[in-house]
Every structure is written in C-alpha cells, then in structure tokens.
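Take a look at the structure set out below.
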Number of protein chains: 2
Amino acid sequence: MSHSSNSTDEILRKRGYRLTPQRHMILSVIQEANEHLSIEQIAERVQQINPYVSLSTVYRTLDLLKNLELIREGHIPGEQAHYEAADGQAHHHLICRRCRQTIHLDTALLGNLDKQLQEQYHFHHLALDLVATGYCSACWQAIQQEEQGPENLAEPPARQSQ
Amino acid sequence: MSHSSNSTDEILRKRGYRLTPQRHMILSVIQEANEHLSIEQIAERVQQINPYVSLSTVYRTLDLLKNLELIREGHIPGEQAHYEAADGQAHHHLICRRCRQTIHLDTALLGNLDKQLQEQYHFHHLALDLVATGYCSACWQAIQQEEQGPENLAEPPARQSQ
DNA sequence: TTGATTGCAAAGCGTTTGCAATGAG
DNA sequence: CTCATTGCAAACGCTTTGCAATCAA
C-alpha cells in the first residue's frame with residue numbers, strides 16, 4: 001500500500017512532465033486496485049474523489065503513464081483497454097467465446113518468452129499480452145446439445161459421408 | 001488456391017445459413033490473401049468485384065465466419081481487427097511501440113500452450129492471440145540519444161536539489 | 001408464404017482534438 | 001512571462017442497428 005509519491009514525481013520531472021493532482025490520483029487508483037481497471041472504472045473511482053476530473057484527462061494521463069511504463073495496458077476483444085500498475089504481476093486471459101467467462105493466467109505460462117524475443121529480435125522493454133479464446137466446458141456441452149436440436153436431430157453414428 | 005465452394009456451403013447450411021454471393025466473395029478474398037486483412041482491406045477488395053456490397057454486410061459476414069470458425073480474428077492495439085483463413089498458419093505479432101514496425105511470429109513460439117490450457121481448464125477450440133510490444137533496436141538507440149539531448153544534457157552525478 | 005439476408009442511412013459509443021482558461025516555475 | 005496541463009464541447013471513426021426491400025426454399 002505504499003506507492004508513488006516523490007519517486008514518481010521525479011520520473012515525470014526528468015522527462016519534463018509534472019505530477020499534477022489528477023495524474024497522482026489516477027496512478028494511485030491503479031496502484032491500489034487489486035485487479036486491472038478499465039478506463040471507465042478508473043474515471044469512476046477518480047471522480048468519486050474529485051468529480052471535476054475530465055475523461056479527456058484520464059485518457060491523456062493513461063497514455064502518458066503507459067509511455068513512461070508506470071502502468072501496463074491490456075486488451076480483451078470487445079472490452080475497453082484495461083490498466084494495472086507496472087510493478088505488479090502481469091497476467092493473461094482465457095475467455096469463453098460464448099459466456100465470456102474470463103480466467104486469469106499467470107505470466108509464468110509463457111516462460112522465458114520475453115527473453116527469447118529480446119535475443120532473437122533485439123527488442124527492448126518487452127511487454128506481452130496473450131488472449132486465448134475458446135469454449136469453456138459448460139458452454140461446449142451446451143453447444144453439442146444445440147447441434148442435435150431442432151434442425152439436425154438426425155446424426156447417426158457413421159459420419160463423414162462426403 | 002483451391003478453396004471454399006461446396007463444402008463451405010454445407011457448413012453454413014447445416015447451421016441454417018446460406019452461402020450468398022456476398023459471403024462467398026468475402027470468404028474467398030480472405031482465403032486468397034497471403035496475409036491477414038483488415039475489414040477495410042476486405043471491403044476494398046470485395047467492392048472491386050462488386051461495388052454494391054455494403055460495409056454492414058462485411059461486418060456481419062466476418063462475425064458469422066468467425067463464429068463458424070472458418071476465419072480467425074486477430075487484434076493489434078490501435079488497428080482494426082484483422083482476419084485470416086482458419087486453415088492457414090496462425091501467427092502472432094511483435095510490435096515496436098515507437099515506429100510501429102511489426103514482426104510476424106510463428107505459432108510454434110508458443111509450443112503446446114493450447115494443449116496445456118485445454119487440459120488444465122477444459123476449454124475447447126482454443127485460439128491464441130499474442131501481442132508483444134517493445135522498442136526495436138533502432139528506436140531503442142534513438143531513445144537513448146534523446147534522453148541526453150536538448151533538455152537533460154546536464155546529468156551530473158549528484159541530483160535532487162529541487 | 002416464410003424466414004434469411006442485404007443495403008442504406010441513422011444511431012451509437014468510445015476516443016481524440018481544438019481551444020481558451022488555469023497554474024507552476 | 002512561458003509553457004505544460006486541464007476541462008469542455010465538438011469532432012471523429014469505427015461498428016452496430018432498424019427497417020424496408022429482396023431473395024431462396
């Protein structure tokens with residue numbers, strides 16, 4: 001629970017930026033969350049403290065903090081981008097295409113992939129974002145059912161007749 | 001170069017859909033491309049053949065083909081979704097945050113990750129989409145330069161005098 | 001006839017931008 | 001003073017939706 005403050009201030013100043021109250025609030029909100037937050041969630045929480053912080057400022061600040069690598073940005077198709085403190089554990093997502101259930105995957109799953117890419121392509125400051133989609137077991141079963149439903153009820157043992 | 005046609009037609013019909021000229025064109029365009037295409041690119045190519053195909057149809061068709069798993073959808077932050085034939089090799093992306101240079105990564109990089117997830121979480125029909133971002137070596141050097149550029153040229157051993 | 005499909009235009013929605021006002025150095 | 005930063009409202013751009021017309025079974 002001890003975060004940001006002066007060291008953050010220096011990081012910004014070194015690059016010619018200021019740690020304004022808005023920026024500080026936004027960063028704090030992200031650092032104090034236990035999960036990643038969407039822009040909407042961030043704005044909500046910030047505006048709970050100061051209702052006059054504008055959405056544009058949130059967007060602009062998120063972009064800045066991302067470039068400074070103080071926060072990480074993640075993406076899930078069909079959802080707003082989400083953000084988490086850069087010093088926390090990164091994680092990935094496994095999503096059911098049908099019910100949208102989302103499982104968080106540990107970064108360890110990808111092993112030393114960053115190092116591999118770094119060495120092979122000479123990229124620096126790598127950040128990985130993996131999204132796996134499929135059908136969870138419940139939905140998978142439901143789908144099977146539906147297929148032998150109304151229309152295609154006739155599906156005899158022997159398949160592939162073409 | 002031999003694709004779709006009758007078998008595709010059956011896949012659609014089995015689920016109560018029709019293989020309309022529009023759908024066929026859209027799928028063909030994707031299957032005949034050597035790289036993944038954005039919605040815009042797909043619409044462009046389709047409209048080159050028939051200028052009266054509407055954008056909504058492209059969107060609706062893409063969504064349908066994706067659900068039928070005839071095509072795969074991929075995402076790169078800041079770009080439109082892109083599509084490729086489901087029977088081709090999947091691939092991932094390594095992107096430079098500064099110059100946006102994009103390198104295509106082979107699926108092999110992720111090894112048996114799908115199987116792992118399948119076994120551990122009992123998900124079916126898994127599709128993976130990995131996006132790695134960082135700074136390419138050229139940009140990385142450029143950034144280093146800038147940091148000791150115009151402003152912060154004086155970087156004497158002892159700082160923080162505020 | 002019935003239901004799927006399409007084109008068009010309008011609506012939606014998240015994000016970005018121009019600009020004047022504010023504030024720190 | 002000068003330049004970074006902000007709030008506001010307008011502009012944007014991509015995507016979705018309502019609806020009447022069309023088309024296949």
Side-chain angles (χ1 to χ4, degrees), chain A residues 6 8-27 29 37-44 46-47 49-68 70 73-83 149-152, chain B residues 6 8-27 29 37-44 46-47 49-68 70 73-83 150-152 154 159-162:
Chain A
N6 55 50
T8 302
D9 184 85
E10 282 169 25
I11 294 175
L12 296 210
R13 288 180 178 286
K14 260 186 191 163
R15 306 237 195 159
Y17 302 110
R18 298 185 210 146
L19 182 57
T20 64
Q22 288 93 332
R23 287 175 178 168
H24 186 261
M25 284 170 65
I26 292 169
L27 181 56
V29 160
L37 303 175
S38 68
I39 292 170
E40 205 175 301
Q41 294 174 309
I42 294 169
E44 236 170 56
V46 167
Q47 290 173 342
I49 311 176
N50 178 343
Y52 298 107
V53 176
S54 88
L55 242 195
S56 340
T57 298
V58 177
Y59 275 101
R60 288 190 274 228
T61 298
L62 254 17
D63 192 56
L64 175 68
L65 297 178
K66 176 182 58 173
N67 287 331
L68 294 176
L70 289 170
E73 186 184 67
H75 300 270
I76 294 180
E79 299 188 11
Q80 285 189 311
H82 52 255
Y83 301 85
E151 256 52 66
N152 322 31
Chain B
N6 55 49
T8 302
D9 184 85
E10 283 169 24
I11 292 176
L12 296 210
R13 289 180 176 284
K14 261 188 189 160
R15 307 236 196 158
Y17 301 111
R18 297 187 211 143
L19 182 57
T20 64
Q22 289 92 331
R23 287 176 178 166
H24 186 260
M25 283 171 66
I26 292 169
L27 181 55
V29 160
L37 302 175
S38 69
I39 293 170
E40 207 177 298
Q41 293 174 311
I42 294 169
E44 235 171 57
V46 167
Q47 289 172 343
I49 311 176
N50 178 344
Y52 298 107
V53 177
S54 88
L55 241 196
S56 340
T57 298
V58 176
Y59 274 101
R60 289 189 274 229
T61 298
L62 255 18
D63 192 54
L64 176 67
L65 298 178
K66 175 182 59 172
N67 287 332
L68 295 175
L70 290 170
E73 187 184 66
H75 301 270
I76 294 181
E79 298 188 10
Q80 285 189 312
H82 53 255
Y83 301 85
E151 256 52 65
N152 320 30
R159 266 196 141 266
Q160 83 274 50
S161 43
Q162 250 187 42

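In the text below, chain A, chain B and the rest are named by the order of the sequence lines, each starting its count at 1.
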Nearest whole Å is fine: how far is D:dA4 C1' from A:Lys14 NZ? 20 Å
Just jot down the salt bridge (Lys or Arg N to Asp or Glu O under 4.0 Å) partners of B:Glu79, sequence neighbours excluded, or say none. B:Arg100
Under 4.0 Å: is that the gap between some side-chain N or O of A:Ser54 and OP1 or OP2 of D:dC8? no
Would you say B:Ser56 places a side-chain N or O within less than 4.0 Å of OP1 or OP2 belonging to C:dG7? no
Distance, rounded to the nearest Å, where A:Leu12 contributes CG and D:dA4 contributes C1': 12 Å
Can you list everything that forms a side-chain contact (heavy atoms from CB on, under 4.5 Å) with B:Pro21? Sequence neighbours excluded, please. none
With a non-hydrogen cut-off below 4.0 angstrom, is A:Gln80 in contact with a base, only sugar-phosphate, or nothing? sugar-phosphate
Over how many whole Å does the gap from B:His24 atom NE2 to C:dA4 atom P extend? 22 Å
Mind calculating the distance between CG (B:Asn50) and P (C:dC8) to the nearest angstrom? 10 Å
Measure OH/B:Tyr52 against P/D:dA21 and give the value in whole Å, please. 20 Å
All side-chain contact (heavy atoms from CB on, under 4.5 Å) counterparts of A:Asp63, not counting sequence neighbours: A:Lys66, A:Asn67
Euclidean distance, atom CG of residue B:Leu19 to atom P of D:dA24 [Å, nearest integer]: 13 Å
What integer distance in Å separates A:Ile26:CD1 from D:dG7:C1'? 13 Å
Could you pull out the protein-nucleic contacts involving nucleotides 19-25 of chain C (nitrogen or oxygen on both sides, under 3.5 Å)?
residue : atom : partner : partner atom : Å
C:dG23  : N2   : A:Arg18 : NH2          : 3.3
C:dG25  : OP1  : A:Arg13 : NH2          : 3.4

Expressed as a whole number of angstroms, how long is the span from B:Ile42:CD1 to D:dC14:P? 14 Å
Spatial distance of atom CZ (A:Arg13) from atom CD (A:Glu10) [nearest 0.5 Å]: 9.0 Å
Checking all strands, does B:Thr20 fall into the base, sugar-phosphate, or nothing category for heavy-atom contacts under 4.0 angstrom? sugar-phosphate
Decide if atom CD of A:Glu40 counts as having more than 12 heavy atoms of other residues, nucleotides or ligands within a radius under 6.0 Å. no
Return the set of residues passing side-chain contact (heavy atoms from CB on, under 4.5 Å) with B:Leu12 (not counting sequence neighbours), or none when no residue passes. B:Tyr17, B:Leu19, B:Arg23, B:Leu68, B:Leu70
For B:His82, which residues count as a ring pair (Phe, Tyr, Trp, His ring centres under 6.0 Å) partner, sequence neighbours excluded? B:His36, B:His93
